[in-house]
Structures are given as structure tokens and as C-alpha cells.
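Lettering follows sequence order; numbering is per chain, from 1.
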Protein chains: 2
Amino acid sequence: MSAFDVSRIHDLGAAIPRDLNARTSSGAPCGACPVRGLTFCAPLEERELAEVARIVKHLTIPAGQPLFDEGEPARHVFSVTEGAMKVYKLLPDGRRQVTGFLFSGDFLGLAHNESYAYSAEAMVGTSLCRFGRSELEGLLERFPQMERRLLHMASHELAVAQDQMLLLGRKTAKEKIASFLLMLSRRQELRGQSANPIALPMSRTDIGDYLGLTTETVSRTFTQLKTAGEIALLSGNRVEVADSGGLARLAEGEGL
Amino acid sequence: MSAFDVSRIHDLGAAIPRDLNARTSSGAPCGACPVRGLTFCAPLEERELAEVARIVKHLTIPAGQPLFDEGEPARHVFSVTEGAMKVYKLLPDGRRQVTGFLFSGDFLGLAHNESYAYSAEAMVGTSLCRFGRSELEGLLERFPQMERRLLHMASHELAVAQDQMLLLGRKTAKEKIASFLLMLSRRQELRGQSANPIALPMSRTDIGDYLGLTTETVSRTFTQLKTAGEIALLSGNRVEVADSGGLARLAEGEGL
DNA sequence: CGGGAAGTTGAAGAGCGTCAAAAGTAGTGG
DNA sequence: CCACTACTTTTGACGCTCTTCAACTTCCCG
């Protein structure tokens with residue numbers, strides 16, 4: 001997966017213990033955060049950031065490692081600074097629904113009760129900021145603009161979730177894949193990357209579990225789109241979109 | 001639909017104009033609100049409630065009437081005080097996904113940008129509190145505990161949305177219907193009603209559009225559950241659950 | 001290189017959708 | 001009060017999309 005070569009991060013070794021007691025954020029903290037504008041730290045000023053830096057712990061996990069599991073006591077909230085994660089829920093018999101893919105700037109771990117409602121796992125080497133729940137709550141109390149920002153981000157997540165329900169409940173396999181590619185493309189743009197060669201850090205199984213399909217159907221649909229000239233499959237798990245307008249029409253069922 | 005005989009509400013007549021300029025909340029306002037404990041007004045004290053009363057407008061809409069449509073400028077936030085509503089999204093060709101059913105205590109209209117992300121329509125005669133967006137923001141600034149409560153409610157909505165994604169993406173028709181009935185039952189309890197005879201104010205089509213099924217499949221699955229002795233279909237669109245534990249196992253794919 | 005996982009392709013089957021018609025329910029007016 | 005109409009729900013027959021099971025191919029990483 002050359003498109004996700006964050007091996008600098010892996011180099012910490014796979015021996016990182018599950019309890020994630022990584023060293024506290026060292027050298028240049030929040031002030032230099034490259035994704036601050038995307039996070040709930042965005043509305044804070046320089047002086048206030050120092051308070052954040054005091055309670056945040058920076059940590060790094062290798063590809064494939066879980067961050068927390070559904071049902072675990074929700075002691076922390078996280079913000080992704082680099083890499084890619086998936087969050088998912090399981091049924092007793094093992095059926096899985098990936099409820100979201102997270103990239104730099106996204107947060108996870110907000111729980112309305114005492115335990116996490118889903119599991120989270122890194123798909124590539126990933127860096128995160130970790131906030132103790134009570135410390136963060138203290139911070140929110142002192143900086144209402146941060147709480148407002150968080151509410152705003154939660155509202156956005158809700159709108160995204162509703163789009164995903166429409167996709168899962170009413171779209172065909174082709175429409176699902178088209179929507180999925182467009183979503184990734186737009187998020188790349190939001191992070192300041194180019195829209196077009198789309199990087200896919202997740203497996204076909206993950207994509208299937210995100211779209212309510214099987215790996216086989218995902219694979220077949222990619223092939224169909226390729227044959228139709230809508231996309232090209234590049235090396236390193238990347239996809240080139242020929243005509244994003246056409247793909248957008250496909251995604252809404254106005255297939256050409 | 002005798003189970004939803006709120007004809008006192010209809011009695012205002014079907015002539016209520018679409019712009020919803022109902023009279024302002026009169027006589028006994030927020031202090032006497034029967035569902036306050038469920039809403040974002042819950043953490044406010046008597047004195048603070050007076051401020052809410054100043055900016056809120058109480059309105060009532062008859063069954064079948066839209067409250068707002070997807071894409072409309074989001075000028076208001078609403079809180080349901082009595083009745084039942086559905087919110088949904090549409091694809092260009094008319095396919096519909098109902099993203100939620102709302103009952104007393106639920107809020108709707110939170111938009112992260114300038115327009116509503118979904119349409120909302122009353123299923124029975126429904127009363128709501130309407131808040132101007134900017135007025136509400138002013139209130140949130142003055143009462144941070146209200147903003148915290150809203151964030152808490154949004155987190156809860158997010159968790160519910162993720163459950164629904166699991167349902168839509170990975171559950172069978174039978175599991176979907178079982179989950180749906182249990183959800184309605186639990187929400188009745190939360191509102192202080194009895195858990196068991198479950199009221200269904202929505203049509204089979206609405207249920208299908210909520211669960212990612214067709215009306216026919218919804219109807220067939222109800223029949224199956226009835227034949228299996230899991231439920232009984234009562235008059236007035238109500239359902240009696242024989243054994244909620246059994247239904248819960250069905251809902252999670254641990255079908256007996 | 002070589003072994004194992006991930007991805008692709010094929011054939012057959014199941015679950016749910018589609019189309020169609022019957023049965024039930026509600027509202028209206030004589 | 002009952003008949004008439006219109007809509008919703010239920011039931012049936014059939015078909016299609018996606019799944020399942022299986023084999024083959026490609027891609028990594030040691």
C-alpha cells in the first residue's frame with residue numbers, strides 16, 4: 001500500500017502495548033498541529049491551546065491495531081491527526097457494519113453513556129490525540145466556543161449518517177460504490193489533497209461492510225465501473241475517476 | 001386510527017397555512033411542559049424557562065402536513081410536544097429513506113449548514129415548539145448547560161443512527177421488523193407509557209422506507225411473526241408482543 | 001522467489017422486489 | 001344505518017439483484 005506509506009509511524013514497532021500508554025505530547029504541540037482547522041480545537045486561540053496541550057496525550061498505533069472495543073468504558077475521546085481508521089459494530093454471529101472511516105481531523109469516542117457504542121481500529125499506521133473524558137469536559141466548560149464547535153461537528157456527523165442510511169436502505173450496488181468513491185474524493189479535498197486519484201486504505205471486505213455488500217459484489221461492481229470507463233484502478237489501491245459529474249449522477253440513481 | 005385519536009388537535013381544522021404562523025405560546029408555557037424532562041429544556045430552572053417562553057412559538061399541525069422540506073433554509077429548530085412525525089430523504093427518482101420517527105420530547109431541525117438536510121412531516125396531529133435559530137443560539141450562549149444537553153442529545157442521536165446503519169446494512173427482514181418493534185416499545189416506555197401494546201402511527205410504506213424494505217415485505221414479515229406466535233396484530237394499528245426476550249433475540253440474529 | 005492473504009471471476013441459489021389482484025378499513029353521503 | 005368509494009394492507013406468482021460457495025489470480029512481505 002504505497003499510497004499509505006506511513007512506515008515512519010510503524011517504526012515505533014508493533015510492540016506497542018494495548019493500553020496505549022504512549023508518551024505525552026512532546027516537542028511542538030497543538031500550536032503546530034497541521035489539522036487543527038478541522039478539529040474541535042479550531043476555535044481556540046494560542047493561549048488557550050496551551051491548556052489543551054496540558055491534557056492531551058499524543059499516541060501512535062500501527063496498522064490493524066484496535067483502539068477500543070464496543071462496550072468498553074468510554075474514558076477517552078480521540079482526534080485523528082494522521083492515518084486512517086474504521087469504526088464498526090458487530091452482531092453476535094459476526095456480521096459486521098462499518099459505520100465510518102476516519103481520517104485526519106476526524107474525532108471519535110464521543111459516547112452519550114458510559115461505554116463506547118462501537119469498536120475502532122487503525123487501517124494504516126495512525127496518530128491520534130487522546131483526551132481524558134473528564135479533563136475534556138472541564139475544558140469544554142471553560143471554552144464554550146469549543147463546545148459549540150463540537151456540537152457543530154456532531155450535527156455534521158448526523159447529516160452524514162442520514163446520507164449513509166439513504167445509501168444503505170435505498171441504493172443499488174453500483175450507486176453505493178459511486179457514492180462511496182465520491183465521498184472519499186471530497187474528503188481528500190477537504191484535507192487539502194487532490195480530489196482525483198482516490199486512495200483506498202481499506203480492504204474490499206471493509207468497503208463491503210461499510211456499504212452493506214459482500215466483498216464479491218464490491219469487486220464485481222468495481223470491475224463494471226472500470227469496464228464502463230467510469231473509473232480506472234491504479235496501483236497502490238488507488239482509483240482514478242474519469243468524470244466526476246457522471247459518477248455523481250450514477251450515485252443519485254440518474255445513471256446515464 | 002383510534003390509537004392516535006388526537007382529534008382535539010385536528011379540530012383546528014385542515015386550513016392551517018403552510019407557513020405555520022400559529023399563535024404564540026399562550027397561557028401556561030414551558031413551566032407546565034409535560035415533556036420538558038426529555039427535551040433540551042430539561043436542565044433549565046424556573047427563571048430561565050421564562051426566557052425560553054419568550055422566544056418559543058407553540059404550533060400544531062394536522063396529520064399528513066409537511067413541516068419543512070429538505071433543502072429549505074433552516075430558520076427554525078423544533079421540539080415535539082405531542083404526536084408523531086417522520087423525517088425522510090428522497091432520491092431524484094422518488095426512492096425514499098425515512099431516517100427517523102419522532103415522538104414527544106424529540107427535537108428536529110438541527111442543521112449544520114444553512115438548509116435542512118431532510119424533510120419532516122406529521123403522521124398524526126402534532127404539537128411542536130418552534131425556536132428561531134438565531135434566538136436559540138443566543139439562548140445557548142447564555143445557558144451553557146442547555147448547549148451541553150443538546151450535545152448530549154446529538155451524541156445519542158448519533159448512536160441511534162449507527163444502530164440503524166447496522167440494521168439497514170446487515171439485518172434480514174425479520175430481524176429488521178423485530179428491532180423496529182422493540183425500538184418503538186422502548187421509546188413508549190421512555191415516555192412513560194406501557195411497553196407492550198405497541199402503537200404504530202405510521203403506514204406500512206413508512207415502515208418499509210425506514211427499514212429498507214417494500215410494503216409487501218413488511219406485511220409478509222408481520223404475518224410470519226404473527227404465525228410464529230411472536231406478536232399479535234390488534235385493532236387500531238397496535239401490536240402485542242408475546243415475549244419481548246424472544247423478539248430481542250430475533251432482532252440480534254439469535255433467532256430461536 | 002515463495003507462501004499466504006487479498007482480490008477477482010464464475011455458477012448456482014435465496015431473499016427480497018415487482019407486478020397484480022383480493023381483502024380489509026375508513027370516510028362520505030344518501 | 002348502510003352503501004359506495006378510495007385507500008391501505010395482505011396475499012400470490014414470478015423475476016432479479018445480490019449472496020453464497022468455490023476456484024483461480026494477483027499482490028505483498030518476508
Side-chain angles (χ1 to χ4, degrees), chain A residues 1-5 7 10-11 14 62-64 86 93-97 123-125 167-177 200-227 231-239 253 255, chain B residues 1-5 7 10 14 62-64 91 93-97 123-124 167-177 200-227 231-239 253 255:
Chain A
M1 282 195 190
S2 61
F4 295 91
D5 193 310
S7 47
H10 297 202
D11 284 344
K86 64 185 172 201
D93 63 3
R95 277 175 288 172
R96 196 173 64 137
Q97 179 67 37
M123 298 189 294
V124 299
L167 178 149
L168 289 169
R170 288 301 180 215
K171 290 190 180 180
T172 66
K174 195 181 278 187
E175 290 160 4
K176 284 177 176 180
I177 295 287
L200 302 181
M202 64 291 286
S203 70
R204 294 289 188 265
T205 304
D206 288 339
I207 297 174
D209 285 349
Y210 180 65
L211 301 177
L213 300 170
T214 59
T215 33
E216 293 93 331
T217 302
V218 171
S219 183
R220 274 186 254 270
T221 309
F222 269 120
T223 304
Q224 276 179 260
L225 290 174
K226 190 178 73 178
T227 306
I231 62 172
L233 302 176
L234 310 179
S235 68
N237 275 312
R238 288 172 305 136
V239 174
Chain B
M1 280 194 190
S2 62
F4 295 93
D5 192 310
S7 48
H10 296 202
L91 285 172
D93 63 4
R95 277 175 288 172
R96 196 174 65 137
Q97 179 66 38
M123 298 189 295
V124 300
L167 179 149
L168 288 169
R170 289 299 180 216
K171 290 189 180 180
T172 66
K174 195 181 279 186
E175 291 161 3
K176 285 177 176 181
I177 296 286
L200 301 180
M202 65 291 285
S203 69
R204 293 291 186 265
T205 304
D206 288 339
I207 297 174
D209 285 348
Y210 180 63
L211 300 176
L213 300 170
T214 59
T215 33
E216 292 94 331
T217 301
V218 170
S219 181
R220 274 186 255 269
T221 308
F222 270 118
T223 304
Q224 276 180 259
L225 290 175
K226 190 178 70 178
T227 306
I231 62 173
L233 301 176
L234 310 179
S235 68
N237 276 312
R238 287 170 307 136
V239 174

Let me have the donor-acceptor pairs involving side chains of residues 214-222 of chain B, under 3.5 Å, with sequence neighbours excluded, atom names and distances please.
from: B:Thr214; atom 1: OG1; to: B:Thr217; atom 2: N; distance (Å): 3.3
from: B:Thr214; atom 1: OG1; to: B:Thr217; atom 2: OG1; distance (Å): 3.1
from: B:Thr221; atom 1: OG1; to: B:Thr217; atom 2: O; distance (Å): 2.6

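- Taking atom CZ on B:Arg95 and atom P on D:dT17, their separation rounds to 13 Å, with Å as the unit.
- In the region residues 169-177 of chain A, proximity to DNA chain D at under 4.0 angstrom, judged on heavy atoms, holds for A:Thr172, A:Ala173.
- Under the side chain to side chain contact (heavy atoms under 4.5 Å, CB included) criterion, A:Thr172 pairs with A:Lys174, A:Glu175, B:Arg95, sequence neighbours left out.
- A:Arg96 meets the side-chain hydrogen bond (donor to acceptor under 3.5 Å, both in side chains) test with A:Asp206, A:Asp209; sequence neighbours excluded.
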For nucleotides 23-25 of chain C, give me every protein contact, N/O to N/O, under 3.5 Å, one pair per line with atom names.
none

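- Under the side-chain hydrogen bond (donor to acceptor under 3.5 Å, both in side chains) criterion, B:Lys176 pairs with no residue, sequence neighbours left out.
- Looking at B:Arg220, its side chain comes within 3.5 Å of the base of D:dG12 through a donor and an acceptor atom.
- Between B:Asn237 atom CG and D:dC7 atom C1' there is a gap of 13 Å when expressed in whole angstrom units.
- Counting to the nearest Å, the C1' atom of C:dG17 and the CG atom of B:Asp209 are 13 Å from each other.
- Residue B:Gly208 is classed as having no contact, given no heavy-atom separation below 4.0 Å to the nucleic acid.
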Which protein N or O atoms sit under 3.5 Å from an N or O of nucleotides 22-24 of chain D?
none

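- Each end of the helix from C:dC1-D:dG30 to C:dG30-D:dC1 gets its own axis from five base pairs, and the two axes differ in direction by 50°, given to 10 degrees.
- D:dT17 atom P lies 18 Å from atom CG of B:Leu213, rounded to whole Å.
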